[in-house]
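What you see below is based on every heavy atom in this structure, not just the backbone, and it leaves out hydrogens, waters and symmetry mates. Given the structure is predicted, the values throughout are model-derived calculations rather than measurements.
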Amino acid sequence: MVMSGETAFGGSGNGSAAGAVGEGARAPGRDRGRKQVREQGRERGESVAPPRISLRERKKQLTYRAISDAAIAMFLERGFDKVSVAEVAAAADISKPTLFRYFPAKEDLALHRFADHEDEAARVVGGRGPGESPAAALHRHFLAGLDRRDPVTGLCDVPQVLAFHRLLYGTPALVARLHAYRGRAEAALARTLGDGVAARLAAGQIIAVLRILAEENWRRIDAGESADAVYADAVRAAEEAFAQLRRGLEPEG
């Protein structure tokens, strides 16, 4: 598939058409813009001051963290299906109605941290610098994630992250819910790429590539390799994947 102009991967346009565990809990949909600024600064080696947040926002984040910590600890200890929402609410010292105001579904208790990454690809493309193509921005961002062992890249061997990933991929209900998160990520990226059939096709391919790269890294680490041992191969795989994306998505000429 070929996409032309600034709609997707072509040219150097700078227009508007351009995990989870280990990061700590945040309210879904909150402070994503601030997070993107911090990520871009880190990737470019800049010193970025931490953003200021209101006391109210801070209290909300602490509540999310308390509920999340209670839920995930119980899920890891006993299994997702053997822990009830009522037990999580009691452990977090809140009522069930209050819990559901923060987390609409039980699966969100385990996966809400992925919500902070739903529009990550879209934010990277939309926030790229002048002269940087969408492909280059996403490539840079993924390599930076590998370098800092971001759990979203799959290249993280921190014991808590490994335990969480085993819980996630070993629980059908969580795997199904994760597909919904990925679907929203794809839709957000398609809108940033200009929407339309061509943009949706491109977004689907991009999200699939990011998923496959992360799953391959996770597969090797789950088999017993260290993140440091996998790193060089992970970088090479990313180079090949993004080169293949560019060949398929950028204009011919």
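Interatomic distance, CZ of R182 versus CG of L178, reported as 4.0 Å (0.5 Å rounding). Rounding to the nearest 0.5 Å gives a distance of 12.0 Å between CD of E215 and CG of D222. Here S68 contributes atom OG and D108 contributes atom CG; the two are 11.5 Å apart, rounded to the nearest 0.5 Å. R246 CZ to L138 CG: the interatomic distance, rounded to the nearest 0.5 Å, is 10.5 Å. Of the inter-residue distances, the one linking T192 atom OG1 with D119 atom CG reads 8.0 Å to the nearest 0.5 angstrom. How far CZ of F242 is from CZ of R247: 13.0 Å, rounded to the nearest 0.5 Å.
Between F100 and V85 there is a side-chain heavy-atom pair separated by less than 4.5 Å. Side-chain contact between V209 and Q244: absent, with no pair of heavy atoms (C-beta onward) separated by less than 4.5 Å. Looking at L210 and V152, their side chains never come closer than 4.5 Å, going by heavy atoms from C-beta outward. At a threshold of 4.5 Å between non-hydrogen side-chain atoms, the residues L213 and T153 do not count as touching. Side-chain contact check for F103 versus Y64: some heavy-atom pair is nearer than 4.5 Å. L109 places a side-chain heavy atom less than 4.5 Å from the side chain of F75. Taking 4.5 Å as the limit, some side-chain heavy atom of L143 sits within range of a side-chain heavy atom of E239. Inter-residue side-chain proximity for L146 and N217 is flagged as met; some heavy-atom pair is nearer than 4.5 Å.
The two atoms that bring V124 and A137 nearest to each other are CG1-O, 3.5 Å, heavy atoms only. Closest non-hydrogen pair, L193 versus A202, comes out as CD1-CB, 4.1 Å. The two residues C156 and V161 have their closest heavy-atom pair at SG-CG2, 3.8 Å. Residues L174 and A110 approach most closely at CD2-CB, 3.9 Å, considering heavy atoms. Taking both residues in full, the closest heavy atoms of K106 and V83 are given as NZ-O, 2.6 Å, listed atom of the first, atom of the second, then distance. In plain terms, the two heavy atoms of A190 and A203 that are nearest each other are N-CB, 3.6 Å.
Note: H165 and W218 have perpendicular aromatic rings, judged against thresholds of 30 and 60 degrees for the angle between ring planes.
R101 and T98 form a side-chain donor-acceptor contact under 3.5 Å, judged by distance and modelled atom types alone.
Counting heavy-atom neighbours within 6.0 Å of R166 CZ, excluding the residue itself, gives a total above 12.
The pair D228-R149 counts as a salt bridge, with a side-chain nitrogen and a carboxylate oxygen less than 4.0 angstrom apart.
Sequence neighbours left out, the pairs with a member in residues 85-98 that pass salt bridge (charged side-chain N to carboxylate O under 4.0 Å, His left out) are R78-E87.
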Go through the steps to decide whether L168 and L111 satisfy the test side chain to side chain contact (heavy atoms under 4.5 Å, CB included), and finish with yes or no. CA-CA 8 Å; L168 168 60; L111 292 176; 3.5 Å; yes
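Taking hydrophobic clusters as Ile, Leu, Val, Met, Phe, Trp and Tyr residues chained together by side-chain heavy-atom distances below 4.5 Å, I206 does not share a cluster with I212.
Annotation: salt bridge (charged side-chain N to carboxylate O under 4.0 Å, His left out) contacts of E216 (sequence neighbours excluded): R219.
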